[in-house]
Amino acid sequence: MRLPITGIGAVASIGRDVDEVFGSLCAGRGGLGPMRGFDHELYNGRQLFEIDDRSEPGADRTLRATGFLLDAVGQAAADAGLGDDLSGIPVLVGTGLRELRSAELWWRDGAPFGADRLHFGTALRERFGTADTLTVSNACSASLYTLALGADMLALGEADTVVVAGVDAITESMHGLADRVQPDPPTALRTLDVNRKGTILGDGAAAVVLRREDLRWPGGRLWGRLRGVGMTCDAKHPTAPDREQVAEAMRQAHRHAGTRPGDIDMVMLHGTGTPLNDLVEITAYGEVFGDAAGGPVVTGIKPMTGHTSGSAGLLSLVVTLQTMATGKVPPLVNLDDPIEEAAGIRLVRGQEAKHEVSLAQVHGFGFGGINAVAIVEGA
Amino acid sequence: MITVTGVGVAMPGADSAAALATARNPEGTVEPAAVLGKKGLRYKDRATQLGLCAAQRVLTDAGLLRDGEPTVDGSRTAVLVSSNLGNVDTVCRVTRTIAEEGTHGVSPMDTPNASSNIIASEIAIRFGLKGPNLTLCNGPASGLDAVRWGAALLRSDRADHVVVVGVEPDNEIVRGLVGGPVVDGGAALVLERAEAAEARGATVRAVVGAHTRGPDVAGNIAELAETEPEPPAAWFAPAAAAPALPAGRPGRDLTATWGELSGALGVVQCAAAIGALDAGADGPVWLVAGTDTDDGVATLVLRRPTPAAAEPALR
């Protein structure tokens, strides 16, 4: 499988389009700041990676996630030369938190909101005219799961073009429940650092346009090709990850792609900065890559974007495509003292690295033990 | 060819496909402890408990669970849950607690339930199902979408068995959001490729026929009529969709009996359709979820299994 990716889009705390996001990442510029939508007095942790689109601090509003999604999908569709009319084109959205932030504001403050906008189909139909949409609520691996569904749809010949997207806006319930068990909250997100203290949430959205590989070139830019996606479930614990099935997702991705770990030039980590995720992820990586573990450069974007939940995997993939196009690899900022288990691995630290990347592996793991790994090659 | 090899029903006043197809004034509530035993239910939200009930029944019905033990390798079993309202109560309640007491007032036991995929992940954990695990929260058509994507997972060889579950809980918060009572129940199906079903000697309850998704009911029905060789013997659809369906065929709007079904609707319709097929419906059953006022409409056909249905598809 080599499905052309012909358009990309992204929004995050560090940029309102793909170029801004990538520019910030390469410059080592993160988006962590004082939280703008929630009451500081109610929380221990008062910093988040938010998209700054509220009219005034402390005044939140409904449908922010929907807005991020429409921005990212609009960017990707324009980039692919599809324009604003996506009627007949499936749009598959992965999300952890849907429009649950709007439901919170409805229940707590009486903000106008109805069940018809909990999922994103209503807004996507209004804006892009498509009635074949899917909202998959698959926690933090959601958008790589929808990437797999989109790829399968093209492979089965059920569509010629698919838009795959991911989105999340931080909810108070998710931030608050994390805050409850972190009286001493993390002041930075430090993937793989011995002193990492946990994750910090972020707002974000990303989108890609995928095409069938056997069609005449349809226009848009060729950013790269999707080779395969693996997806597994731990079936062990609702919140703690399990090495065995994380590793299996990597192996499955390679089976789908027809590639081997030794072929990979770069790994884009899930890297949430929680003690357990990073340990499980890097040991699973070591297990699958074996002697090849020292080959690829290994990095991640969450220290600068925050944990953007359901959009995280696809955001990592969009950044990967930009790395392939430019040869610039964003660094893992805040990584001062890597954990022992990461010894011998080529971590990108401090500042951007120059590296030719033609095949990369992108990770997304989530609550519920759901794991997805994508393999993508450069144009 | 994709087949249905199991049906599980966990609805108020109906615990089987037969009861579902005929019930008119169902009474009672689903009691998860009576189905699953009390162990392990504490801290699980209502939607998750309902989903576990439907899953246990469907796995048993399909012969994938015998005396509480799995009969197949769980790594090739996918789980696909459809629920729009599942964890809305937890999310809203926690937010109000934070506003009133700060975060020290919330319970860490709510953390897993704040993630909308909790139903699917708990089903995977309880029954050891390690294949693709998906939660669709896709509005009124979500339940039929789940069957469509379950079939896609099989066609793509992502799994050998797919457990499709549709459930919605009833509580003060979701009633407010949808403007009326919600079903507080759901249903489940097991989907398999015909060859896989035959290989393990499973009973085929129905064959999955054509599927459509589009902007309006009439357009979807017209497309269905073009692809489906036979007119429907019966249908299940929202009342607003009834005028677009072929006249003179028995049909029902299940929400008239059970209230808002939301993301459970399509799966419950499939279970009711199998009840109708078991009762002798003389031809395929057409299903419609979503109406012209929603963001999309999905349709699906379930056909009566024929002796030929057990054979590998001839193409």
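Order of the sequence lines sets the chain letters (A, B, ...), proteins ahead of strands, with each chain counted from 1. Side-chain atoms are counted along with the backbone in the values below, which use heavy atoms only and exclude waters and symmetry mates. Remember, it's a predicted structure, so these values are computed and weren't measured experimentally.
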Closest heavy-atom pair and its distance - B:I118, A:P238: CD1-CB, 4.3 Å

Audit row: A:L149, B:L134, side-chain contact (heavy atoms from CB on, under 4.5 Å) steps and yes/no: CA-CA 10 Å; A:L149 296 184; B:L134 285 142; 4.1 Å; yes

B:S121 side chain reached by A:H237 side chain, heavy atoms, under 4.5 Å: no

From CA spacing to verdict: side-chain contact (heavy atoms from CB on, under 4.5 Å), A:L42, B:E100: CA-CA 9 Å; A:L42 301 171; B:E100 287 163 0; over 6 Å; no

Student check: side-chain heavy atoms of B:V91 and A:E104 closer than 4.5 Å: yes

Interatomic distance, A:T122 atom OG1 to B:D294 atom CG [nearest 0.5 angstrom]: 7.5 Å

For the student: nearest non-hydrogen atoms of A:A131 and B:G214, plus distance: CB-C, 3.5 Å

Interface moiety of B:I123 toward chain A, non-hydrogen atoms closer than 4.5 Å: neither

A:V136 versus chain B, the contacting section by heavy-atom distance below 4.5 Å: both

Donor + acceptor pair across side chains of A:N44, B:H104 (<3.5 Å): no

Contacting region of A:A103 [heavy-atom separation from chain B under 4.5 Å]: both

Most contacts with chain B, counted as non-hydrogen pairs under 4.5 angstrom, among A:S137, A:G88, A:G368: A:S137

Winner by heavy-atom pair count (cut-off under 4.5 Å) against chain B, out of A:Y43, A:W106, A:F38: A:W106

Test side chain to side chain contact (heavy atoms under 4.5 Å, CB included) applied to A:I370 and B:T135, B:N117, B:V79, the passing residue: B:N117

Chain B contact via A:A123 - side chain, backbone, both or neither, heavy atoms under 4.5 Å: neither

B:G139 versus A:H119, closest heavy-atom pair with distance: CA-CE1, 3.5 Å

Proximity breakdown for A:Q245 and chain B, heavy-atom pairs closer than 4.5 Å: side chain

Pairwise distance SG(B:C137) to CZ(A:F120) - rounded to 0.5 angstrom: 10.0 Å

A:L134 side chain near B:L136 side chain, heavy-atom distance below 4.5 Å: yes

Choice from B:A99, B:P215, B:A124 maximising heavy atom contacts with chain A below 4.5 Å: B:P215

B:N138 side chain to A:T133 backbone, donor-acceptor under 3.5 Å: yes

Residue selection (most heavy-atom pairs with chain B, distance under 4.5 Å) from A:D116, A:L105, A:V229: A:V229

A:T232 and B:P132, any side-chain heavy atoms less than 4.5 Å apart: no

Pick from B:I173, B:V174, B:L85, B:V178 with the largest number of heavy-atom pairs that fall under 4.5 Å of chain A: B:I173

Distance-minimising heavy-atom pair for A:F113 and B:L177: CD2-CD1, 4.0 Å

Most chain B-contacting option - heavy-atom pairs closer than 4.5 Å, from A:A151, A:G96, A:G230, A:A115: A:A115

Partner chain B: residue of A:R117, A:R108, A:R180, A:E41 with the largest heavy-atom pair count (under 4.5 Å): A:R180

Audit row: B:V88, A:L118, side-chain contact (heavy atoms from CB on, under 4.5 Å) steps and yes/no: CA-CA 10 Å; B:V88 170; A:L118 258 181; 4.0 Å; yes

Heavy-atom contact with chain B under 4.5 Å, split by part of A:E248: neither

Residue pair A:H256 / B:R158, side-chain heavy-atom distance below 4.5 Å: yes

Lys/Arg-Asp/Glu bridge criterion (N-O < 4.0 Å) met for A:D132, B:R148: yes

A:R98 and B:S116: CA distance, side-chain angles, deciding distance, side-chain contact (heavy atoms from CB on, under 4.5 Å) verdict: CA-CA 9 Å; A:R98 310 183 266 158; B:S116 303; 3.2 Å; yes

Heavy-atom check, side chain of B:K130 versus side chain of A:E244, under 4.5 Å: yes

Closest heavy-atom pair and its distance - A:W107, B:R96: O-NH2, 2.6 Å

Toward chain A, the part of B:S107 with a non-hydrogen atom under 4.5 Å: backbone

Atom group of B:D216 that falls short of 4.5 Å from chain A, counting heavy atoms: neither

Non-hydrogen side-chain atoms of A:E158 and B:R155 separated by less than 4.5 Å: yes

Interatomic spacing from CH2 in B:W149 to CG in A:L92 - rounded to 0.5 Å: 5.0 Å

Over all atoms of both residues, closest heavy-atom pair of A:Y145 and B:N133: OH-N, 3.3 Å

Sidechain-backbone polar pair: A:R125 side chain, B:D295 backbone, donor-acceptor under 3.5 Å: yes

4.5 Å side-chain heavy-atom contact, A:T171 and B:V94: no

Name of the residue among B:T111, B:T90, B:I98, B:T103 meeting side chain to side chain contact (heavy atoms under 4.5 Å, CB included) with A:L177: B:T111

Residue A:E126 excluded, over 12 heavy atoms near CD under 6.0 Å: yes

